[in-house]
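To keep things clear, I will list the structure first and then write my remarks on it.
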Amino acid sequence: MSDVIIYSVVSLSLIGVLAALILFIIAQKFKVIEDPRIDLVEQALPGANCGGCSMPGCRAFAEELVKADDISHLNCPVASNENMAEIAKILGKEIAEKEPLVAVVKCNGSPEHRPKTNHYDGASECRIASALYTGDTGCPYGCLGLGECERACNFDAIHIDKETGLPVVIDDKCTACNACVIACPRNIIELRKKNKKDRKIFVSCINEEKGGVARKNCKVACIGCGRCVKVCPFEAITLENNLAYIDPFKCRLCRKCAPECPTNAILEINFPPRKEKKEAAETPAGEK
Amino acid sequence: MSKLITVSPSPHMYGGDNVKKLMYGVVLALLPAFLVSVYFFGIGALIVTAVSVVSCVGFEYLIQKHLMKTTPTITDGSAAVTGLLLAFNLPTNLPVWIILIGALVAIGVGKMSFGGLGNNPFNPALVGRIFLLISFPVQMTSFPKPIVSRTQYTDAVTGATPLEIIKEGISEGIPLSELMGQIPGYFDLFIGRMHGSMGEIGALALIIGGIYLLARKIITWHIPVSILSTIIVFTGILWAANPEANADPMFHILSGGIMLGAIYMATDYATSPMTPKGMWIYGIGIGVITVTIRVWGAYPEGVAFSILIMNAFVPIINKYIKPKRFGEEVKNG
Amino acid sequence: MNQAKNFTKGFVRENPVFILMLGLCPALGTTTSAFNGFGMGMATLFVVLMSNIVVSIFKDFIPNKVRIPSYIVIIASFVTITDLVMEAFMGGLHAELGLFIPLIVVNCFVLGRAEAFASKNTLFSSTIDGIGMGLAFTMALTMLGATRELLGANALFGVELIEGDGMLVFVLAPGAFIALGYLIALMNKLKKD
Amino acid sequence: MVLTLFVVTLVASTSLALVYEVTKEPIRLAALERKNNAIMQVVPEFNNMPNEEEYTVEVNGDELVFYPARMDGELVGVAIETFTRRGYSGTIELMVGLLPDGTIHGIEVLRHSETPGLGDKIETDKSDFYKQFVGRNPGDFTMKVRQDNGEIDGITASTITARAYCEAVQLAYDVFIEKGDIK
Amino acid sequence: MEYIVIVIGAVLVNNIVLAQFLGLCPLFGVSSKISTAAGMGGAVLFVMTVASIVTYLLSTFLLEPLNIMYLQTITYILVISSLVQMVEIILKKVSPPLYQALGIFLPLMTTNCAILGVAILVFQQDFTLLQGVIFAISHSIGFTLAIILLAGIREHMDLLDIPKGMKGNPIIMVTAGLLALAFMGFAGIV
Amino acid sequence: MLKTFPKGGIHPAEHKITAGKPTETLPVPKTAVIPLSQHLGAPSTPVVKKGDMVKAGQLIAKSSAFVSANIHSSVSGKVTKIDNVIDTSGYRQPAVIIEVEGDEWDEKIDPGKTLKKEITISGEEIRKRTEEAGIVGLGGATFPSHIKLSVPKGKKAEVLIINGAECEPYLTADHRLMLEKGDELMVGITLLMKALGVEKAMIGIENNKPDAVDHLTSLAVNYKGISVHALKVMYPQGAEKQLIKSLINREVPSGALPIEVGTVVHNVGTAVAVYEAVQKNKPLFERVVTVSGKSLKNPGNFLVRIGTPVSELIEAAGGMPEDTGKIINGGPMMGKALNTTEAPVAKGTSGILVFPASDSKREEVQKCIRCAKCVSICPMGLEPYLLNAASEREMWEIVETDRVLDCMECGSCSYICPSRLPLLDYIRLGKSTVSKIIRSRKQ
Ligand SMILES: Cc1cc2nc3c(=O)[nH]c(=O)nc-3n(C[C@H](O)[C@H](O)[C@H](O)COP(=O)(O)O)c2cc1C
Ligand SMILES: Cc1cc2nc3c(=O)[nH]c(=O)nc-3n(C[C@H](O)[C@H](O)[C@H](O)COP(=O)(O)O)c2cc1C
Ligand SMILES: Cc1cc2nc3c(=O)[nH]c(=O)nc-3n(C[C@H](O)[C@H](O)[C@H](O)COP(=O)(O)O)c2cc1C
Ligand SMILES: Cc1cc2nc3c(=O)[nH]c(=O)nc-3n(C[C@H](O)[C@H](O)[C@H](O)CO)c2cc1C
Ligand code: SF4
Ligand code: SF4
Ligand code: SF4
Ligand code: SF4
Ligand code: FES
């Protein structure tokens with residue numbers, strides 16, 4: 001009876017120790033040096049494996065972070081600033097504070113403003129339509145409304161409005177991952193600084209045609225008249241190729257420009273209603 | 001301009017075939033075999049077919065409408081083909097409730113779970129049939145006698161199929177020459193006077209339908225020919241080696257579901273390879289596995305299993321067997 | 001830690017079988033009937049619970065490098081104990097479950113609990129976790145067993161409900177996979193709602 | 001490190017050994033009881049200890065185990081542990097109880113791995129298949145399935161199992177008649 | 001002949017995953033790509049064969065003579081887990097791409113029932129060493145076949161729209177079920 | 001057996017309604033809009049400015065790069081502006097707009113119709129004239145022809161292939177040209193042969209134009225080295241690589257040019273244009289355009305000045321029918337749908353098709369049923385169903401390794417698909433994305 005106990009104990013221990021020993025030797029022989037920080041960084045990342053950083057998954061991003069000398073250009077859209085700060089601490093590297101951004105759609109040409117000139121009947125993809133011709137309206141710059149951006153968004157933050165046929169961004173859901181910006185073949189979407197209370201002022205048009213042509217095809221096109229440029233007290237607006245652009249970092253949301261625009265191409269969103277001029281306060285599509 | 005002109009990428013012209021026409025083409029091709037079945041099995045053939053087709057179409061409708069919440073596409077005819085082919089794979093005295101289970105499995109598990117037409121990796125009708133065969137081995141292997149039980153449905157006189165007789169006999173060590181006396185002659189096999197599943201009898205009618213499918217370009221010849229030739233070669237070798245223990249190739253291709261399988265079921269679009277070379281591999285695989293199961297396996301018949309097994313290989317075949325690219329191997333001269 | 005949540009997490013949200021897809025072999029191999037599933041679940045419950053307890057007690061004494069081998073030895077011991085005890089006192093069930101009892105030792109779910117939970121948590125939490133997850137596993141196996149028994153043999157816990165044979169496939173391998181597939185789909189739906 | 005592992009295995013093996021020692025006897029008893037139960041099922045009432053009188057008979061290299069059952073010293077039947085390898089999924093082991101004249105008194109299945117729902121109908125609590133054998137003397141009827149021109153109704157879709165079952169019972173009977181003279 | 005029976009039986013008839021329910025975690029975990037599935041198959045082949053040999057020897061020359069077969073489970077698992085670790089360490093050095101591909105799944109081999117199950121079966125079936133080795137190799141081939149077929153179908157499904165409710169694990173399970181259904185056709189060949 | 005290529009191809013309904021209609025000359029338009037980008041390659045640089053007076057045949061824009069072509073005025077009159085207009089490409093592109101006054105031709109041009117057979121200049125000069133005359137391939141690709149005439153070092157042209165297949169349904173411009181300008185064509189071919197230094201030329205014609213085959217065969221006896229071959233009616237018989245395979249049984253490797261297998265392919269129209277440029281000094285400023293469609297009153301073949309608005313062609317063919325749903329520039333298989341009838345005819349415009357609304361809308365799309373029809377008809381041996389699915393799901397590696405770049409956009413796959421999948425739409429998307437990926441990889 002005690003035999004069994006002795007045999008058991010001895011053989012089992014023997015096997016255990018033997019296995020440990022062999023393992024130990026092999027581990028020494030086949031050592032691979034891998035940076036242990038990769039694991040640490042990976043744990044600090046959100047682990048969503050969304051590819052928003054343009055790497056194949058979080059681990060690859062972690063490896064990249066460890067490898068790179070300057071990580072300020074490496075950016076995980078999902079991670080918060082704390083996450084990134086933690087990673088920077090692990091790596092002992094500097095990291096740029098991320099300015100919160102949000103996507104805005106720079107086309108306001110709903111069918112009432114921008115009548116259809118033909119009927120598109122190809123595969124329902126903006127990239128395919130845009131590779132074919134100028135589009136189903138007179139404007140060769142405007143949104144095609146086939147929802148490439150909606151499909152690109154992993155966060156359910158951008159949707160085509162059925163009535164206007166234009167995409168609308170849900171500010172709270174948008175992580176500024178840039179996916180829709182890349183997806184849009186017409187470069188209509190821009191990531192802009194996220195202001196307090198989600199306020200925004202921007203020129204909702206990218207048409208570079210001459211004023212007359214642009215206006216003919218779309219009632220709310222920017223015609224490049226330059227009146228907004230003149231009224232802006234902060235020199236935030238520039239005019240190039242018949243198109244005005246408001247620099248989000250220079251703009252201080254004074255709202256002087258919007259009422260100046262003869263075509264209502266400048267949108268202001270999430271502001272309290274204006275008292276004096278009713279016309280401009282009417283919030284056009286693009287608001288959620 | 002009041003009416004807007006249409007703009008779309010090229011081409012601007014389309015061929016005449018569409019999914020509906022193809023599917024109803026298959027239905028048409030199956031008609032002769034159906035009539036043969038009705039002639040031999042009578043009321044049973046009618047009931048089984050009606051129940052199977054209606055329930056397949058019905059289940060597809062219900063699943064699409066209520067589970068997948070999409071617009072039902074039952075008019076494309078693919079569910080009807082599945083229902084018809086499922087019926088062709090069942091004995092004509094099968095209780096209605098078993099047919100319903102078969103249809104639910106074929107359409108629900110075999111097809112719609114994968115997203116419906118074109119998505120299923122396994123042949124839905126065969127999924128239904130094998131599911132039933134394994135679930136209800138008794139009911140699925142009692143086949144009514146042709147002609148005599150035309151007016152009976154459930155309590156038809158049953159008997160064994162030629163393949164069962166041969167298999168059982170050989171396992172008992174009875175020489176083949178003696179067994180051949182117990183089965184119908186080759187002419188009867190050819191026109192379908194034998195025990196068997198509803199639609200697998202009647203090689204002649206099946207071949208006529210097959211010629212129609214080929215002429216309409218609904219199927220290509222590669223799969224049927226590769227299956228049949230493999231079976232002929234393989235069984236021919238076995239037969240030549242020991243004619244007393246192995247049936248001859250003629251018997252093999254005329255009995256059981258080989259014709260039905262090779263012409264109508266192995267050719268199912270969704271579950272067969274895309275290139276001629278792939279089709280040959282697929283067909284040879286089906287032939288070899290069929291004979292293996294018939295000769296060495298537990299089941300007297302192996303076509304259904306072998307098609308399902310080769311269905312599983314199809315994605316791999318499609319991945320590695322590519323069509324001959326233009327300009328690939330430059331043999332200029 | 002909220003112990004109620006700790007206890008219930010395994011039933012739907014982190015169900016080892018339906019959601020995490022761990023321990024699939026016993027989940028499919030032993031669930032020919034509700035009773036067998038239940039029995040296997042209970043055997044696993046015992047091993048999970050005991051190994052969780054032992055690991056959480058000794059976690060501080062076990063150096064990191066030999067953590068996994070030590071856990072495996074601990075689990076293997078409890079498995080062997082279960083095996084021996086069941087053979088002695090529950091011969092019938094033991095024969096039914098067969099190979100799958102020693103295989104509890106390789107059930108990723110058991111090691112997973114020891115690794116991911118017990119080695120980081122207190123004795124109490126680990127006990128609750130062991131019981132909760134064990135019960136969840138048992139529930140999953142019983143459910144699967146019941147489904148298969150119901151469809152495959154028209155019976156539940158050995159009681160015949162409808163006269164006649166069921167759909168044999170469900171007793172066999174293909175039916176096991178298919179039944180689990182649809183149960184997972186159902187569970188996913190529950191999880192979402 | 002190695003030490004910890006050593007200690008863990010030490011503790012584990014010791015405690016295992018202890019459990020083993022404790023369960024060893026119950027396991028043996030449980031196995032014995034199963035056998036006894038089977039014997040009890042297949043032979044008439046007895047008051048000896050058949051498994052203490054067990055002996056084996058060799059046939060073609062395999063062994064059949066005989067358990068004579070006696071009532072007050074008189075032989076009332078023999079339980080024979082027989083088997084066949086020709087089951088659908090391998091070996092089927094049976095306990096066949098014969099009366100001294102060779103009449104079958106009862107049959108129990110000890111072990112099999114036939115398909116649940118098909119071949120497992122040979123189990124006594126799953127179908128009445130076994131009843132066809134009880135009370136009949138294999139010497140008086142062809143103990144074969146109908147397909148083989150015998151008198152036993154096979155199990156539908158499980159001819160192979162039924163055939164194998166008959167074979168195993170036949171084996172027990174044949175050995176009983178030929179070499180089974182009870183000492 | 002006897003070896004052919006073992007091979008066909010293990011690969012087709014009693015396929016370890018499709019009929020015997022062993023090694024399912026890796027079957028579902030590592031079958032998203034044909035290439036990784038093949039790698040996993042190779043790893044299983046190696047570990048299963050070596051593990052079967054070592055455990056066979058251990059049982060025949062140590063556990064059985066000493067009458068301590070009840071330690072089977074614990075000794076086997078010790079052997080297997082160290083073996084797996086060895087493979088992992090070696091692979092990391094010798095073939096980093098393969099290591100990358102199989103990555104986290106190598107440790108899972110310790111908890112792969114197939115390895116332990118086959119080791120136990122080899123001993124239970126009273127095989128000779130050679131038979132045991134063939135048995136183990138055949139089973140790992142069966143495993144590889146099943147996992148590659150499943151991976152093929154899964155890769156194919158990447159190009160389809162699987163309904164929402166069935167996406168992911170449910171449809172993979174059903175696919176495995178249909179695969180098992182098809183393989184039942186091999187019943188009785190040996 | 002007629003010659004053909006071995007794999008794939010379709011046979012769409014031919015609808016060659018205008019085959020029997022002799023070419024009519026269309027009046028000069030009131031305003032000509034001459035796009036600066038009528039060819040493959042870089043747009044030309046204008047050499048005239050607003051207010052300039054020009055004559056027909058006068059150079060108005062110069063080739064601006066290696067792959068580019070000269071552009072000549074097709075009318076005489078005053079340049080009113082150089083502006084962006086939507087042309088047949090569907091995009092807004094720069095064009096020279098000319099207010100027509102009279103019809104005065106450049107004096108160097110010989111406007112006579114007499115055949116000028118003898119060739120007096122060298123091969124190199126032929127090439128140069130071709131370049132000066134702004135000749136681009138008239139078979140559809142509008143690739144500047146002079147580039148094809150200079151054989152790269154190390155390569156040797158053995159045979160010139162003349163593409164008279166005209167495999168697109170409806171189109172008959174080449175057909176008419178072969179019938180009406182057979183001798184000019186033969187001289188043009190001889191010129192091309194001289195420029196290339198080859199002894200042999202083969203004309204390939206689909207067998208649905210037996211009159212053209214007969215006519216050219218009878219003419220060919222008078223010209224050395226030229227043979228005429230009837231080809232099986234099978235779309236895309238006229239595609240360069242397929243035609244080469246049909247005629248000389250050589251396969252141009254993936255990504256390579258015909259010269260790789262010792263041949264150069266030119267369209268019959270191109271050959272005639274070369275004749276006119278070399279022998280008559282006439283630059284390319286007019287071409288034959290088929291205007292056709294089921295509901296047109298007077299479909300026909302018209303000799304049209306480049307820059308004529310499409311609307312005038314439709315007017316000449318009997319006016320825009322009530323039921324018009326689509327207007328196509330080119331054939332129905334490869335042509336481009338226009339979004340405005342104001343787009344001007346360009347060098348590459350071989351046909352203007354007016355489709356009734358009933359033929360214009362695509363049918364409802366179903367899922368791919370994997371019927372393999374697209375695989376079996378793809379003449380390039382591709383797997384359209386796979387390229388389609390992979391492009392749709394942005395699996396670009398598959399798209400690339402399965403050779404999307406070999407696709408010549410013949411449209412056979414979209415044509416045949418019983419599920420009406422927009423295969424070619426997605427394949428084009430795949431092609432452009434993969435090219436972008438490859439380009440960025442090279443950097
Ligand atoms: C999964 C499966 C399990 C089977 N199980 C058994 C079994 O347990 N016993 C048996 O005799 N046959 C079994 N079979 C064999 C078939 O049922 C076979 O057709 C039958 O043995 C012979 O048919 P019959 O009994 O109707 O004459 C099985 C077949 C399959 C596919
Ligand atoms: C970038 C490019 C370069 C070419 N270079 C030559 C060349 O050097 N020589 C030549 O004979 N053809 C050349 N070609 C013309 C092609 O051979 C071919 O005629 C042209 O692409 C139109 O053919 P398709 O209509 O069949 O597409 C070139 C084409 C392209 C696109
Ligand atoms: C699908 C397809 C069909 C074509 N069909 C014709 C045709 O029918 N006739 C023709 O002249 N060119 C046709 N082409 C263009 C030829 O490939 C090639 O570009 C042309 O013959 C070269 O001559 P060119 O440069 O003089 O135009 C076709 C091209 C493609 C891709
Ligand atoms: C030639 C041809 C053969 C077919 N064969 C089958 C078949 O064997 N089983 C089946 O369920 N459906 C069959 N169908 C119908 C249809 O393709 C089938 O439902 C698809 O597999 C569903 O995706 C067939 C269709 C065609 C055109
Ligand atoms: S794709 Fe990214 S940037 Fe665009 S809306 Fe969605 S979250 Fe915002
Ligand atoms: S914003 Fe761009 S991507 Fe989005 S619908 Fe408009 S064109 Fe398409
Ligand atoms: S369009 Fe491209 S893919 Fe389609 S058939 Fe033609 S060559 Fe093939
Ligand atoms: S022709 Fe259409 S349906 Fe058929 S395989 Fe190709 S894409 Fe799919
Ligand atoms: S439970 Fe068997 S491999 Fe995980």
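Naming convention: chains lettered A, B, ... in sequence-line order (proteins, then strands); numbering from 1 in each chain.
If you tally non-hydrogen atom pairs under 4.5 Å between each of A:Glu209, A:Arg151, A:Arg127 and chain F, the highest count goes to A:Arg127.
Looking at every heavy atom in both residues, A:Ile128 comes nearest to F:Asp425 through CD1-O, 3.6 Å.
Checked by atom type and distance alone, the side chain of A:Asp121 pairs as donor or acceptor with a backbone atom of F:Arg362 at under 3.5 Å. The backbone N or O of F:Lys336 sits nowhere less than 3.5 Å from a side-chain atom of A:Tyr133 that would complete a donor-acceptor pair.
Looking at F:Ile86, the atoms closer than 4.5 Å to chain A (heavy atoms on both sides) all sit in the side chain, from C-beta outward. Contacts between F:Ser89 and chain A at a heavy-atom distance below 4.5 Å involve the backbone alone (N, CA, C, O). Looking at F:Ser360, the atoms closer than 4.5 Å to chain A (heavy atoms on both sides) all sit in the backbone: N, CA, C or O.
A donor and an acceptor atom, one from each side chain of F:Asn339 and A:Thr134, are located under 3.5 Å apart.
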With side chain to side chain contact (heavy atoms under 4.5 Å, CB included) as the test, would you mind laying out the steps for F:Lys326 and A:Asn118 before giving the verdict? CA-CA 10 Å; F:Lys326 198 187 248 180; A:Asn118 60 69; over 6 Å; no

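Salt bridge annotation for F:Arg428-A:Glu125: absent, with no cationic side-chain nitrogen under 4.0 angstrom from a carboxylate oxygen.
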